[in-house]
Number of protein chains: 2
Amino acid sequence: MENLKKRSECPISSSLDIWGDKWSLLIVRDLMFAKQCTYGDFLKSDEKIATNILASRLLMLEENGVITKQDHPDSKAKVLYKLTQKGIDLLPLMIEINLWADKYFCLPTERREILEEVKKDKEAFIRAKAVELLEQMGN
Amino acid sequence: MENLKKRSECPISSSLDIWGDKWSLLIVRDLMFAKQCTYGDFLKSDEKIATNILASRLLMLEENGVITKQDHPDSKAKVLYKLTQKGIDLLPLMIEINLWADKYFCLPTERREILEEVKKDKEAFIRAKAVELLEQMGN
DNA sequence: CTTTGTGCTTGCAAAACGCAAGCGAATTTA
DNA sequence: TAAATTCGCTTGCGTTTTGCAAGCACAAAG
């Protein structure tokens, strides 16, 4: 469907070509926090993404190898979305966004608490979280 | 003009509300690499941003305290754009985007070389670069 | 066999984008 | 000093993307 046309060879630009919009990283965020989500789960998020936008972004992310679809163990009607390795590798980026936001916005308390842990040892946090997500990948 | 309406309290979402589009981070990138740019400099970048889009993004980034306008020392007709502290603080994020892209795209050789240096000691690289940008802030 | 849940698709109005042209002020050139 | 050029935008306008609501096929539950 919507194949990637790079605007330039710049890594920033190429990355933005994939997830440089208002919604894609929110999908990735949900998958990092919840590890796996159904279509309906994404719709429940606070930002209230429209169903057509969600569908187009899920397709885009899948086509670019950031997420994968899997059969839901409980029902054929449901679909499970998960991060690929490429998606999991967005974790450091996601952490940095959080840290930046922590410096300049007023965050919900629960988020700040998690970030306190991150600040103690960023590397360790990322490593642990990545392992956690990797374990879920196979299932 | 276009004031920020947050979609949720989530730090990722709030961040994307500011620079979550295809162009804003390219402007930040240019300022990080070149330290300061004129309006015309941004237009020269490979991605060929349209003049109206550039103007709207510069305004957005300025209103949100990521960049500032300054008089150009050489001419009253020119304007210098620079990163604020808030903008400089996007450096770790920018580095992580580069590292992610380095893993999954084919980058120009010169960029890869810089990234090799980053990989040796990320913290040190960021610290040095931040100092460099800070020094330019005053001028 | 009907109703509900789930993952989308479709239609349509509104907003954003992308391109080209234009424009006022500053600066350079003749 | 008048004309041409540079610079930082703005304006118009056609195209694309978004956002909202409704609909729809399939699976599952009652």
Side-chain angles (χ1 to χ4, degrees), chain A residues 1-8 13 16-27 30-31 34 36-64 66-82, chain B residues 1-8 13 16-27 30-31 34 36-64 66-82:
Chain A
M1 180 197 172
E2 42 191 326
N3 57 342
L4 186 60
K5 40 194 168 242
K6 290 170 92 174
R7 289 173 293 171
S8 78
S13 164
L16 293 174
D17 286 336
I18 295 181
W19 46 257
D21 65 277
K22 295 245 178 295
W23 296 108
S24 296
L25 286 185
L26 296 183
I27 292 174
D30 286 350
L31 289 171
Q36 49 194 37
C37 299
T38 63
Y39 191 88
D41 289 335
F42 292 118
L43 293 177
K44 286 176 205 148
S45 291
D46 286 345
E47 295 85 9
K48 300 294 163 213
I49 187 170
T51 58
N52 54 344
I53 307 293
L54 176 57
S56 76
R57 289 309 177 280
L58 287 171
L59 186 60
M60 177 68 139
L61 290 172
E62 196 192 358
E63 286 180 339
N64 286 286
V66 176
I67 65 175
T68 41
K69 284 169 88 160
Q70 285 184 23
D71 294 338
H72 196 287
D74 299 355
S75 157
K76 250 194 266 186
K78 292 184 182 178
V79 179
L80 266 188
Y81 289 93
K82 295 182 179 183
Chain B
M1 181 197 172
E2 43 192 325
N3 57 341
L4 189 60
K5 37 190 171 246
K6 289 170 93 174
R7 289 171 295 172
S8 78
S13 164
L16 292 175
D17 286 337
I18 295 181
W19 45 258
D21 66 275
K22 295 247 178 291
W23 296 109
S24 297
L25 286 186
L26 296 184
I27 292 173
D30 286 350
L31 289 171
Q36 49 192 38
C37 300
T38 64
Y39 191 88
D41 289 336
F42 292 119
L43 293 178
K44 285 176 205 147
S45 291
D46 285 344
E47 295 83 10
K48 300 295 161 212
I49 187 170
T51 57
N52 55 342
I53 307 292
L54 176 57
S56 77
R57 288 310 176 284
L58 288 171
L59 186 60
M60 177 67 140
L61 290 172
E62 196 190 358
E63 286 179 340
N64 285 287
V66 176
I67 66 175
T68 41
K69 283 168 89 162
Q70 285 185 22
D71 294 339
H72 195 288
D74 299 354
S75 155
K76 251 193 265 185
K78 292 186 184 180
V79 179
L80 266 189
Y81 289 93
K82 294 183 180 183

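For A:Asp46, there are no side-chain hydrogen bond (donor to acceptor under 3.5 Å, both in side chains) partners two or more places apart in sequence or in a different chain. Every residue was checked against the side-chain hydrogen bond (donor to acceptor under 3.5 Å, both in side chains) condition with A:Thr68, not counting sequence neighbours, and none meets it.
At the heavy-atom level, B:Phe42 lies nowhere under 4.0 Å from the strands shown. Across all strands shown, A:Lys69 has heavy atoms under 4.0 Å from sugar-phosphate atoms exclusively, and none from any base.
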For the pair A:Ile67 and A:Leu31, evaluate side chain to side chain contact (heavy atoms under 4.5 Å, CB included) and give the outcome as yes or no after the intermediate values. CA-CA 9 Å; A:Ile67 65 175; A:Leu31 289 171; 3.6 Å; yes
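A:Thr38 contributes no side-chain N or O that forms a donor-acceptor pair with the base of C:dT6 under 3.5 Å.
Phosphate proximity of C:dC17 to B:Arg57: present, with a side-chain N or O under 4.0 Å from OP1 or OP2. For A:Lys76 and D:dA27, the shortest distance from a side-chain N or O to OP1 or OP2 is not below 4.0 Å. Under 4.0 angstrom from either OP1 or OP2 of D:dC26 there lies no side-chain N or O belonging to A:Tyr39. A:Trp23 has a side-chain polar atom (N or O) that falls below the 4.0 Å cut-off from OP1 or OP2 of D:dG19. An OP1 or OP2 oxygen of C:dA26 is reached within less than 4.0 angstrom by no side-chain nitrogen or oxygen of B:Ser75.
In this structure, the nucleotide among C:dC17, D:dT18, D:dC20 sitting nearest to the side chain of A:Asn52 is D:dC20. Distances from the side chain of A:Ala55 to the nucleotides C:dG18, C:dC8, D:dC7 place C:dC8 closest.
Taking atom CG of residue A:Leu59 and atom C1' of nucleotide D:dT18, one finds them 17 Å apart after rounding to whole Å. In this structure, the CG atom of B:Asp41 is 11 Å from the C1' atom of D:dC7, given to the nearest Å. As a whole-Å value, the separation of B:Leu58 CG from D:dC7 P is 16 Å. Computed from coordinates, the B:Asp21 CG to D:dT16 C1' distance equals 16 Å when rounded to whole Å. Distance, A:Tyr81 OH to C:dC8 C1': 8 Å, rounded to whole Å. Atom CD1 of A:Ile53 is separated from atom C1' of C:dA13 by 14 Å (rounded to the nearest Å). The interatomic distance linking A:Leu80 (CG) with C:dG5 (P) rounds to 19 Å, in whole Å. In this entry the distance linking CG of A:Leu43 with C1' of C:dG5 reads 13 Å, nearest Å.
Ion pairing of B:Asp17 with B:Arg7 is present here, as a side-chain N (NZ or NE/NH1/NH2) and a carboxylate O approach within less than 4.0 Å. Using a 4.0 Å cut-off between a side-chain N of Lys or Arg and a carboxylate O of Asp or Glu, A:Arg57 and A:Asp21 qualify as a salt bridge.
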